[in-house]
Amino acid sequence: MRYDKGHKDDTRRHILDVASNQFRESGIAAVGLAGIMSEAGLTNGAFYTHFASKEELVREVLNDALTRREERHKANLENGIALETTIRDYLSTRHRDRPGNGCPTAALVAEVARHPKATRDAFTGKVADIISLMAEQIRQGSAKERRRKAIAIYSIMVGALQLARAVTDRKLSDEILEDAAETAVTIASES
């Protein structure tokens with residue numbers, strides 16, 4: 001059977017999208033290749049046409065999802081969207097309630113820490129890029145001060161989102177998001 005030009009690339013993209021959603025929704029360890037391929041409408045054997053291993057898929061998913069986040073930050077920077085908007089969007093109930101479509105850092109950081117160095121290196125590079133873009137959105141202070149603030153803000157954002165998702169008390173979860181957003185915005189605007 002012959003496929004149209006680009007079929008292999010489209011199929012790979014589809015597998016990445018399905019895996020990305022499943023990893024962020026359920027965690028890397030909880031998701032098996034059979035489940036990914038079933039949801040993608042493909043056989044298990046087709047996986048190895050596109051990826052050498054689950055670990056390669058994890059790296060590709062992280063790279064892809066974080067590149068998309070990075071592109072959003074670039075667009076915000078180019079369009080003059082304030083860092084406050086980024087912070088409040090990130091620390092929203094909508095983002096909290098949709099982990100499968102949300103930030104891969106908040107959804108997967110604890111698991112990534114247990115993966116091989118190559119995966120952590122890929123993750124590190126993307127996180128560093130996002131921090132640099134956030135630092136560019138901060139208007140006050142030296143480059144070193146803006147970077148320090150960006151690291152603190154990103155850490156607050158990721159940690160608060162994880163905590164807000166983990167607690168069972170909805171009111172407390174909302175408070176975590178709101179208070180973290182206020183704190184992050186304050187840091188971003190400090191002279």
To the nearest 0.5 Å, how far apart are CD in Glu178 and OG1 in Thr183?
-> 11.5 Å
Residues in salt bridge (charged side-chain N to carboxylate O under 4.0 Å, His left out) with Glu70, at least two apart?
-> Lys74, Lys126
Residues Ile187, Ile156; criterion side-chain contact (heavy atoms from CB on, under 4.5 Å); working and verdict | CA-CA 10 Å; Ile187 292 169; Ile156 289 168; 3.5 Å; yes
Heavy-atom pair of closest approach, residues Ala106 and Leu161 = CB-CD2, 3.6 Å
Is it true that Ile153 and Leu133 fall in one hydrophobic cluster, defined by side-chain heavy atoms closer than 4.5 Å?
-> no
Residue set satisfying side chain to side chain contact (heavy atoms under 4.5 Å, CB included) with Glu60, at least two apart, ordered chain then number -> Arg12, Leu16, Phe51, Glu56
Could you tell me which non-hydrogen atom of Arg146 sits nearest to which non-hydrogen atom of Gly141, and how far apart they are?
-> NH1-O, 2.7 Å
Could you tell me whether a side-chain N or O of Arg69 sits under 3.5 Å from a main-chain N or O of Ile130, the two making a donor and an acceptor?
-> no
Sequence-distant partners of Glu111, side chain to side chain contact (heavy atoms under 4.5 Å, CB included), two or more places apart = Ile28, Ala29, Leu108, Arg114
Does some side-chain heavy atom of Ser20 sit less than 4.5 Å from a side-chain heavy atom of Asp64?
-> no
Considering non-hydrogen atoms only, spot the tightest contact between Gln162 and Val109 and give its length.
-> NE2-CG1, 3.1 Å
Close side-chain approach of Leu57 to Phe47, heavy-atom, < 4.5 Å = yes
Who else is in Leu172's hydrophobic cluster (ILVMFWY, side-chain heavy atoms under 4.5 Å, direct or via others)?
-> Leu163, Val167, Ile176
Below 4.0 angstrom, N of the basic side chain to O of the carboxylate: do Arg94 and Asp89 qualify?
-> yes
Return the minimal non-hydrogen interatomic distance between Ala164 and Ser173, and the atom names on each side.
-> O-OG, 2.7 Å
When rounded to the nearest 0.5 Å, the distance separating CD of Gln137 from OG of Ser132 is 12.0 Å
Under the side chain to side chain donor-acceptor pair (under 3.5 Å) rule, collect the residues that match up with Arg88, sequence neighbours excluded.
-> Glu84, Glu182
Results of side chain to side chain donor-acceptor pair (under 3.5 Å) for His50 - residues two or more places apart only = none
Are Ile138 and Leu77 joined in one hydrophobic group, where the rule is that I, L, V, M, F, W and Y side chains link up if heavy atoms are under 4.5 Å apart?
-> no
CD (Glu39) and CG (Asn21) are apart, to the nearest 0.5 Å, by 6.5 Å
When you measure from the side chain of Ser155 to the backbone N and O of Ile151, does any donor-acceptor pair fall under 3.5 Å?
-> yes
Here the ring-ring contact (aromatic ring centres under 6.0 Å, His included) pairs for residues 119-163, sequence neighbours left out, are none
Within residues 15-29 or reaching into it, pairs that qualify as salt bridge (Lys or Arg N to Asp or Glu O under 4.0 Å) - sequence neighbours excluded | Arg13-Asp17, Asp17-Arg68
By side chain to side chain donor-acceptor pair (under 3.5 Å), which residues pair with Lys171, not counting sequence neighbours?
-> none
With a 4.0 Å cut-off, would you call Asp97 and Arg170 a salt bridge?
-> yes
Quick one: ring-ring contact (aromatic ring centres under 6.0 Å, His included) pairs with a partner in residues 67-91, sequence neighbours left out?
-> Tyr90-His95
Is the backbone of Asn63 close enough, under 3.5 Å, to the side chain of Thr67 for a donor and an acceptor to pair up by distance?
-> yes
Find the distance between CG (Leu33) and CE (Met37) and round it off to the nearest 0.5 Å.
-> 8.0 Å
Under the 3.5 angstrom rule, does the side chain of Ser26 hit a backbone N or O of Phe23 as a donor-acceptor pair?
-> no
What distance separates Leu177 CG from Leu91 CG, expressed to the nearest 0.5 Å?
-> 6.0 Å
Lys54 and Ile36, any side-chain heavy atoms less than 4.5 Å apart | no
Applying salt bridge (charged side-chain N to carboxylate O under 4.0 Å, His left out) to Arg59 and not counting sequence neighbours gives none
Could you walk me through whether Asp174 and Arg96 pass salt bridge (Lys or Arg N to Asp or Glu O under 4.0 Å), step by step?
-> CA-CA 9 Å; Asp174 291 345; Arg96 175 197 60 203; 2.6 Å; yes
How long is the gap from NZ on Lys149 to CG on Leu83, to the nearest 0.5 Å?
-> 10.5 Å
Sequence neighbours excluded, which residues qualify as side chain to side chain contact (heavy atoms under 4.5 Å, CB included) partners of Thr85?
-> Ile81, Ala82
Grab the two heavy atoms, one from Val61 and one from Ala19, that are nearest each other, plus how far apart they are.
-> CG2-CB, 3.9 Å
